[in-house]
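Each ligand, and each atom within it, is numbered from 1 in the order the structure gives. Keep in mind that this is a model prediction, so the values were computed, not measured.
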Amino acid sequence: MYRVGIVSLFPELVEPVARHGVVGRARERGLLEIEHVSPRDFTSDRHRTVDDRPYGGGPGMVLKYEPMRDAIEALRARMPEGSAELVMSAQGRIFDQAWAVELASAPGLLLVAGRYEGIDERIVENVVRAELSLGDYVLSGGELAAAVVVDAVARLLPGVLGHEDSPLEDSYMAGLLDCPQYTRPEVVDGLAVPQVLLGGDHGAVRRWRLKQALGRTWLRRPQLLSARGLSREEAELLEEFKAELAESGSGGGVA
Ligand code: 9D3
C-alpha cells in the first residue's frame, strides 16, 4: 500500500483527484492511501492563526513556521520509513516523468502545499529540504501542484493501470510525444482516418505510430529527441516523416 500524506490548508482542492478516475480506483482497491493534515490543527491561539506578515514588509502573508512544522512532523510519524518529502514551490526543481517514476518507487510521499506569499523559509531549511515546481507560471497555492504529482505517481504504482489502459505506452514510445489517435466515424466533416489504421497490418500500424510520434516530437519538442537519442529504425522513420512533410508542403499542423 503506497501512502501519500499532504499538508495543506485546503484539502478540498486535492480531494477531487483522490476521489475520481485512476487515483480514486487505486484507493478503492487498496493500492494507495491519501491522508490530509492541516497546519490549522496545530495552532494554540484562539484564532487558530496559521499566517503572519512578512518580516521586511511587503504585501500578503506568510505561513508560520511552528504550525507547519508540527503538521509535517505529525504526518511524518505516520508515513512509512524512507518516504519522499517535498515542498510544492515555484522555486523548486521542475517535475518530470523520470521524477514521477522515482517517487513511485519510494514507500510513500509526503507533500507540503503552501498558500499566500509562501511558507516561512526555515521550513525548507530545516524540515523538508526538497522543493518541486510544476513549471514557470504562477499558481495561487501548492494544492493543485500536489494533486498533479499524486495523479502522475499513482498511475505508475504496480497494479493501478491494467495493460488495457496503456496499449500505446509500450516502451518503444517512451520519451516521445503521443501519436495522433482516431475513433469512429471513418470520415467526419470531410476528414478521413489515415488509411494504414484501417487495415489489419499491425506492423504497419506500429511503424506509422512510431513515425508520427517521432515526427511530432521533432517538430514540437526537439530537445526531447536529443535527450533520448534514436535507434536506427527510429532515425529512418523520422527521415521518412521529414520527406513526407516536405512533399505535403505544409507545416504539419504545429501549433
Ligand atoms: C511570483 C510569485 N510570488 C511573488 C513574490 C508570489 C507567489 C505566487 C504563487 C507565492 C506563492 C505562490 C504559490 N505557488 C505555489 O505554491 C506553487 C507553484 C507555482 O506557483 N508554480 C509552479 N509550481 C508550483 S508548486 C507550488
*If you take all heavy atoms of V160 and A26, which pair is closest and at what distance?*
CG2-CB, 3.8 Å
*For F10, what are the other residues in its hydrophobic cluster, where any two members join if their side-chain heavy atoms are less than 4.5 angstrom apart?*
V7, L9, L13, V37, F42, V50, M61, L63, Y65, M68, I72, L75, M79, V87, L110, V112, Y116, I119, I123, V124, V127, V128
*So which protein residues pack against ligand 1 under 4.0 Å, heavy atoms counted?*
M88, S89, A90, Y116, E117, L132, S133, L134, G135, Y137, V138, L139, G141, G142, A145
*asked:* With a 3.5 Å distance limit and no angle check, can you tell me whether D201 reaches the backbone of G203 through a side-chain donor-acceptor pair?
replied: yes
*Evaluate the ring planes of Y182 and W208, with Trp represented by its six-membered ring, and classify them as parallel (under 30°), tilted (30 to 60°) or perpendicular (over 60°).*
tilted
*salt bridge (Lys or Arg N to Asp or Glu O under 4.0 Å): pairs with one or both residues in residues 81-107, sequence neighbours excluded*: R76-E85
*By salt bridge (Lys or Arg N to Asp or Glu O under 4.0 Å), which residues pair with R216, not counting sequence neighbours?*
none
